[in-house]
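Accompanying notes for the structure given below.
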Amino acid sequence: MEFIIDTVNLEDIKEAVEYMPIVGVTSNPSIVKKTSPKDFFQHMKEVRKIIGKERSLHIQVISKECDEIVKEAHRIIEEIDDQVYIKVPVSYEGVKAIKQLKAEGINVTATAVYDLMQAYMALAAGAYYIAPYVNRIGNLGNDPMELINELSNRIVQDGYDCKILAASFKGVQQVRDAFNYGSQAITAPVEVLKQIFANPSIEKAVNDFNSDWYDVYGEGKGICDL
């Protein structure tokens with residue numbers, strides 16, 4: 001499993017990588033808008049400094065035409081580094097760009113996936129990650145888990161070197177389901193991942209354990225005090 005966070009907020013990233021097993025950061029223009037850095041490339045360099053080269057960094061293009069998408073990909077790599085995953089929406093022009101970038105050896109994350117055939121196109125074009133929009137697919141009345149399951153089966157059946165990077169989450173249940181239906185990775189806001197631990201039963205269990213310990217060894221006396 002890969003837990004990736006969907007943010008460019010530097011403080012959120014620092015906290016997330018310190019506390020949780022985070023293996024990457026994703027962004028898109030809407031995510032960037034929430035932070036609104038004046039110098040986009042310098043900000044993304046700061047993100048890279050925080051997460052290091054051992055974690056993946058996914059940066060999205062904004063152009064709609066293939067030639068411009070490829071130019072933007074080259075600029076991103078030139079400014080940041082050649083390990084960046086270029087996020088490309090799976091449109092008609094986007095698939096053409098994915099093919100070209102793949103041929104150049106550039107890492108591609110296919111994004112804005114709403115349909116299984118979109119995902120299959122991105123898969124055949126050579127994307128390394130494919131990002132179906134879980135919550136948005138559900139809002140349209142379709143089943144995102146069916147898409148993830150069928151895509152996962154196709155990846156295994158045909159031996160593709162590709163991972164499903166499920167995105168667009170509103171809660172922990174969606175994240176859990178995405179993993180259980182075959183997604184190898186998820187990208188979610190930090191606040192969604194924090195919901196995993198917002199369970200009063202966890203705190204109660206810890207408090208009960210501590211109370212029993214203090215009953216034996218004295219109030220406030222921890223293991224290091226023995």
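Sequence positions, counted from 1, serve as the residue numbers for this chain.
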Under the rule for ring-ring contact (aromatic ring centres under 6.0 Å, His included), what residues qualify as partners of Y120, not counting sequence neighbours? none

Sub-3.5 Å donor-acceptor pair from the side chain of R136 to the main-chain atoms of Y114, do we have one? no

Any donor and acceptor pair, going by atom type alone, linking the side chain of H43 with main-chain N or O of V8 inside 3.5 Å? yes

Can you run down the side chain to side chain donor-acceptor pair (under 3.5 Å) pairs that involve residues 170-189, sequence neighbours left out, and say none if there aren't any? T26-T187, N135-Q174, Q173-R176, Q173-D177

Closer than 3.5 angstrom, by distance alone: can the side chain of E72 be matched with the main-chain N or O of I62 as a donor-acceptor pair? yes

If we ignore hydrogens and angles and just use 3.5 Å, is the side chain of Q118 paired with the main-chain N or O of A112 as donor and acceptor? yes

Look up atom CG in L101 and atom CD1 in I86, then write down how far apart they are to the nearest 0.5 Å. 7.0 Å

Check side chain to side chain donor-acceptor pair (under 3.5 Å) between S56 and all other residues, then give those that pass, not counting sequence neighbours. H58

Using only atom types and a distance under 3.5 Å, with no angle test, would you say the side chain of N199 pairs donor to acceptor with the backbone of S201? yes

Sole candidate of I69, V70, I106 that passes side-chain contact (heavy atoms from CB on, under 4.5 Å) when paired with Q100: V70

Going by salt bridge (charged side-chain N to carboxylate O under 4.0 Å, His left out), D81 matches just one of K45, R48, K49. Which one? R48

Looking at S27, is its backbone amide N or carbonyl O close enough to the side chain of K87 to form a donor-acceptor pair, meaning the two atoms are under 3.5 Å apart? yes

